[in-house]
Every structure is written in C-alpha cells, then in structure tokens.
Student: 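Got a structure for you, questions after.
Letters A, B, ... mirror the listed sequences (proteins, then strands); counts begin at 1.
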Protein chains: 2
Amino acid sequence: MTAADQDRNISSSFAKGLAVLAVFDAETPSMTLAEIARRSGQDRATARRGALTLVQAGYLRQDGRMLSLTPRVLALAGGFLQANQFGRRVQPVLNRHARQMETEVTLAMLDQGRVLLLAQSTVEHGHITYGFTAGSHIPLAHTSLGRMLLAGLPEGQSAGVLAETDLPRHTETSLTDTAVILERVVQAREQGYCLTDSEFESGITGYAVPVSRPGRTPIVAGCSAPRGQQPEADAERLLRGLQLCAAELRQAEAVDHL
Amino acid sequence: MTAADQDRNISSSFAKGLAVLAVFDAETPSMTLAEIARRSGQDRATARRGALTLVQAGYLRQDGRMLSLTPRVLALAGGFLQANQFGRRVQPVLNRHARQMETEVTLAMLDQGRVLLLAQSTVEHGHITYGFTAGSHIPLAHTSLGRMLLAGLPEGQSAGVLAETDLPRHTETSLTDTAVILERVVQAREQGYCLTDSEFESGITGYAVPVSRPGRTPIVAGCSAPRGQQPEADAERLLRGLQLCAAELRQAEAVDHL
DNA sequence: GCATCAATGTTCGCTTTGCGAACGCTGTCA
DNA sequence: TGACAGCGTTCGCAAAGCGAACATTGATGC
C-alpha cells in the first residue's frame, strides 16, 4: 500500500472495470479474456470479473470465448452528444460546409496522446477514408488535425505531450524527428492553420484550423483530399472553407464547454 | 446475503459505477451527486465514489458541484463503430439514400424498452428535428421506428416489451391504448413497413422498414417528414427509398452481427 | 439576525468483496 | 506419448467499499 493510490474516494474495482471497457477502443473487434487481461494490464481473473460484469450490464456480448462490444455503448456517447446538442449545433454546420467544400469535415480534440474525432460531416462525395467516425482515435504526430491541436496547447506543453506519443511511420514521408515535427507545430500556431502531406495516408493532403478560442481546450476542424493538380489553389479553397466553418462554430458557441 | 445475487464472478462495485455513467444518458446535461444517487438508485456515498472514479478516469468533469460527461465517452462508442465498420459500410449507404430521398435516414434497434439510434444520415435540406444523434434514445410506442422494431420481435414478445414501457402522450394524437398500439404493430409486421402520423411530433409523419433478416435481432431503418399535400405519394416514394436502403444494408451484411 | 430545518457532501468502523496464487483443462509441438 | 504453454476458473484471506453517522451548506420562518 503506497501512500498515493490509497484514496478511499476512488473505487479501484470500478476503475479496473472501466479499463476493460476502454480496451475495446482499438480496432480489435473481439477479444478473449486473456487478450483483454493483457491489453488492460490486469490479472486474468480481474479482467474476467470485469468482462462478465459488462456482459451482465449489456455492454459486452459473449460468443463462445470471444467478447465484443454491443450497441449499448452508443447510448453512453449519446448522453454526451445530446447534452452538448451536437445534433443541432454542430452536425448541421459541418454538413453544410462539407457540402460546399466537397469533402468530409471533421471536428477533433486531444485525448490521451491521440486525436479524438468528435464529429464528422456526412456527405456523399467525400473521398473514401479509412472509415473513421466520431469516437475514433487517429495519430497525433502525423496528421494535420493532431499538429493543429498541439499548436493550440499552451506554449510549453506541446513538446511534452508529443514526447509521450510513439511515432510509427505510416508512410515513407512520415516525419520521425520530434524536433522537426515540433517546428511544424510552431509554424501551425503562427500561421493559424496546418497542412500535412502523405504522412498518414499516401497521396492525401490534410488540412486543419483551430476552432476553440485561444487558451481554451484546443478543438480543431479539418479535412483531407487527394493531392490534386493545383495544390496551392486546393489549399486556399479548403482552408478558407474550414475557417468559415470554424468561425460559425465559434459564433454558435457550440464547443465552448468541452 | 440472498442466494441469487451472490455471484462471485460479477463485480458489484463495477456494476454500480456503470449505473452512474449510464444515468447521464438522459438529456440531463449535468447533475449533482445527490441527483446522480437518486437517479441511479444508490446510496449517496456509493454514487460519490463512482462519480469520483469516473472523474479520475476522465469520463466525467466536475465543475463546482455539477458533474457532466466529457468527450472521452465518445471513444467507447468509437470502439463499437469501428469494430462494425459503420464508417465504411453503413454511413455511406444511409447518406446516399438520404440524399436521393431528401430526408434524414436513421438506423435503429431496441434497447431497454426504448429505441436506440445506431446511425443517422444528415442532409442539408432535411427538416429540423429534435437533434437526435447516434446513441440517442427515443420512445418505442409512438414512433414508426419503435413499432417496426416491435414487429420484428418473435410473435409473442412484442406485447411483453410494450407492456413494460410507459406511454407518455407526446401529442394529442398519441395512441394510449396498448391493445390499439399492438394492432398497429401486427399490421406493420404483416405489411412489412410502418407509418405513424403526429404521435411523437405534431404534423410529422414517420416511416420505417425492417433491415435485419427475420428471426435476427430486429434492426430497422426509418425517416420522417412533415405531412405534405399528397400523403400517399410521399409515403410510396419514401418507403420505396427505405426499402432500397434496407436491401443494400442487408446485402452488405452490415448489420448481421449486432 | 438568529434559530430551524432540509438537503447535500464527507468520514470511518465493520463487513463484504474481489485479488491472485493455484488448479484443471485443452490444444500443440517434439 | 509426454511435456508444455496458454487458457478459463476456484477459493482463502487481505483490503476495499458500504452506509450509518457526522459535517456543511443554504433556504425558510419568526
């Protein structure tokens, strides 16, 4: 019993159970007990109790020895989305701008050293992405959304957060040097937008602009498109669109209290 | 210690904590400890431990004495959405059909005596709804989605599920007699679609068709629109669109294992 | 302004829960 | 065929958390 974690106000069983649920946030569709235990860093018996409790509560389904999430977890997110009126204040704005820009527009924030997608426009003509949705995590260091988020942090913090994330090479042109990436972050902060090219998906350019007011928890909007014939013209058009979208979200105070 | 609930495989602390988290699924944006305790039917001290644990885990935020969900809960849903490839296999289909039909198209299933929205297309010109999103709950008895879901249950079960839900009158024309509602459910099962008018929102007609194959967990698709000049023509057009959408989802096996 | 009361947040002793070493089972390799 | 590695499950004992009791806050009456 170390001094610090001896907090009688925190329920450790509950915390461990939550870790079991959170383990499914990866793109692993279903897992065995042992796998859950390994990924959540818990004893197999502990993970088992957590998983069985989740099954009983209806958040997990058990098929033989495989466990997978049930749709009920959506209800947890639904609480958040309704409380913040995403359906009325955010989604329509994203959709409208996406329509005009002819790409998908994504709203995102920082979460545990990764980019958490908060909302995504739903348009027909968007280029085929990986199929990310609200609630998906994408890398911080090699996406324009991620770098723009880092740029939104108080001056000193960006380096710290970046240092704690690992830097897998997604493509051949992914930057690997932390210092170089930080340079791009600083550049993004100064110019008020961020561009990346082929660092996450080959041939795809990413665009991002800040949405939250300076000093607040960083929220950004972004989009991506295949690199076309006139990169500069595309960039200007898409960034202008994103800026308009961001301004409208700010004015609606849609993201002020996240 | 009663005999039944003495299951050493279930972690009661965890189950109680989950109940705290689930309490936020209502449209209550933020609550005090006492309110959480009341709504989750727990002792205040118990609710407090659960809430503080959720705060530490980053799922709840504490502003003074008010507690509210953080965006991190989206990540839990994200795991489900990515595991089932909603972004690639469901959302594009809904969007395309919604565009052609010029309405929102919603995918839904049963959850705890209510309709759980699984996914929703959004088009620009759709009529303004309550702002529901994926993860939202809507009533079972007075929506076409809900009645179509009841129709998808094995013959005897519909009545049982319906009996356990309460029937608030949303509008003046909401049906209140369980027997009459059940009649409509049977009718929906026989004709393969469901229509409701002004029972949930005044002046709005709801349309729904089944998506899942018979015998499976019921999944339905639906849409709604203001009652127009030619109700029959509208109904025919929208139902045809929904049927096409449902057929495509079935063919893509997008919802077979929910 | 002070006393009263109701409702909320917090503490701590006693009991219960759930931790994890140990077990048995199943499939795999030499 | 025997050894082994990995899995799910059990059970005695330590510690985690339940809830009665205690503070604390704030509204209401006089």
Student: Atom CE of B/M31 to atom P of C/dA7: distance rounded to whole Å?
Tutor: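 Roughly 19 Å, once rounded to whole Å.
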Student: Is the shortest side-chain N/O distance from A/R49 to OP1 or OP2 of C/dC19 below 4.0 Å?
Tutor: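 A/R49 to C/dC19 OP1/OP2: side-chain N or O found under 4.0 Å.
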Student: Looking at B/S11, does any N or O in its side chain come under 4.0 Å of the phosphate oxygens OP1/OP2 on C/dG18?
Tutor: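 Yes, because at least one side-chain N or O of B/S11 sits under 4.0 Å from OP1 or OP2 of C/dG18.
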Student: CG of A/D43 versus P of C/dA21: gap in Å, rounded?
Tutor: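 About 7 Å, once rounded to whole Å.
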Student: For A/R39 and A/T28, test the side chains for any donor-to-acceptor distance below 3.5 angstrom and give the result as yes or no.
Tutor: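 Yes - a donor-acceptor pair under 3.5 Å links their side chains.
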Student: Between D/dA20, D/dT9, C/dG9, which one does the side chain of B/A45 approach most closely?
Tutor: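 Output: D/dA20.
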Student: May I have the distance from B/R44 (atom CZ) to C/dA6 (atom P), rounded to whole angstrom?
Tutor: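 Checked: the CZ to P distance equals 14 Å.
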Student: Between B/S13 and C/dG18, is there a side-chain N or O to OP1/OP2 distance below 4.0 Å?
Tutor: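 For C/dG18, OP1/OP2 do have a side-chain N/O of B/S13 under 4.0 Å.
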Student: Could you give the CD-to-P distance, from A/Q42 to C/dG18, as a whole number of Å?
Tutor: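 Value for this atom pair: 13 Å.
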Student: Testing the 3.5 Å rule here: is there a donor-acceptor pair between the side chains of A/R48 and B/N9?
Tutor: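 A donor-acceptor contact under 3.5 Å links the two side chains.
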Student: So which one's nearest nucleotide on DNA chain D is more toward 5', A/E35 or A/F14?
Tutor: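 Nearest nucleotide further toward 5': that of A/E35.
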Student: Do B/S13 and B/S11 have a side chain donor and acceptor closer than 3.5 Å?
Tutor: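 No - no donor-acceptor pair under 3.5 Å links their side chains.
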Student: A/N9 CG to D/dG17 P: how many Å, rounded?
Tutor: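 Distance, rounded to whole Å: 11 Å.
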Student: Base, sugar-phosphate or nothing for A/I36? Non-hydrogen atoms, less than 4.0 Å.
Tutor: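 Answer is nothing: A/I36 stays at 4.0 Å or more from every strand.
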Student: Are B/Q120 and B/T106 close enough that a side-chain donor and a side-chain acceptor fall under 3.5 Å?
Tutor: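 Their side chains do contain a donor-acceptor pair, which is all the 3.5 Å distance test asks for.
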Student: Treating B/R72 as the side-chain partner and B/L60 as the backbone partner, does any N or O pair qualify as donor plus acceptor under 3.5 Å?
Tutor: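 No; judged by distance alone, with no hydrogens or angles, the pair does not exist.
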Student: Any side-chain N or O of A/R38 less than 4.0 Å from the OP1 or OP2 oxygen of D/dC7?
Tutor: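 It does, given that an N or O in the side chain of A/R38 lies less than 4.0 Å from OP1 or OP2 of D/dC7.
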Student: To the nearest Å, how far apart are A/I10 CD1 and D/dA16 P?
Tutor: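 Computing the A/I10:CD1 to D/dA16:P distance gives 13 Å.
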Student: Does A/S12 put a side-chain nitrogen or oxygen below 4.0 Å from OP1 or OP2 of D/dG17?
Tutor: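 Answer yes for this pair, as a side-chain N or O of A/S12 is under 4.0 Å from OP1 or OP2.
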Student: Could you state the NZ-P distance from A/K16 to D/dG17, rounded to the nearest angstrom?
Tutor: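 The answer, rounded to whole Å, is 8 Å.
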Student: Would you mind telling me which of D/dC18, D/dG8, C/dT8 lies closest to the side-chain atoms of B/R65?
Tutor: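 Of all the options, the side chain of B/R65 is nearest to C/dT8.
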Student: So what does A/L52 hit on the nucleic acid, given a heavy-atom distance under 4.0 Å: a base, only sugar-phosphate, or nothing?
Tutor: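 Contact class for A/L52: none.
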Student: Assign A/A34 to base, sugar-phosphate, or nothing according to its heavy-atom contacts below 4.0 angstrom with the strands shown.
Tutor: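 A/A34: backbone/sugar contact only, no base atoms under 4.0 Å.
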Student: Report yes if a side-chain nitrogen or oxygen of A/T32 is closer than 4.0 Å to either non-bridging phosphate oxygen (OP1 or OP2) of D/dC7; otherwise report no.
Tutor: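 No, because none of the side-chain N or O atoms of A/T32 sits under 4.0 Å from OP1 or OP2 of D/dC7.
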Student: OP1, OP2 of D/dT9 versus side-chain N and O of A/R48: anything below 4.0 Å?
Tutor: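 For D/dT9, OP1 or OP2 has a side-chain N or O of A/R48 closer than 4.0 Å.
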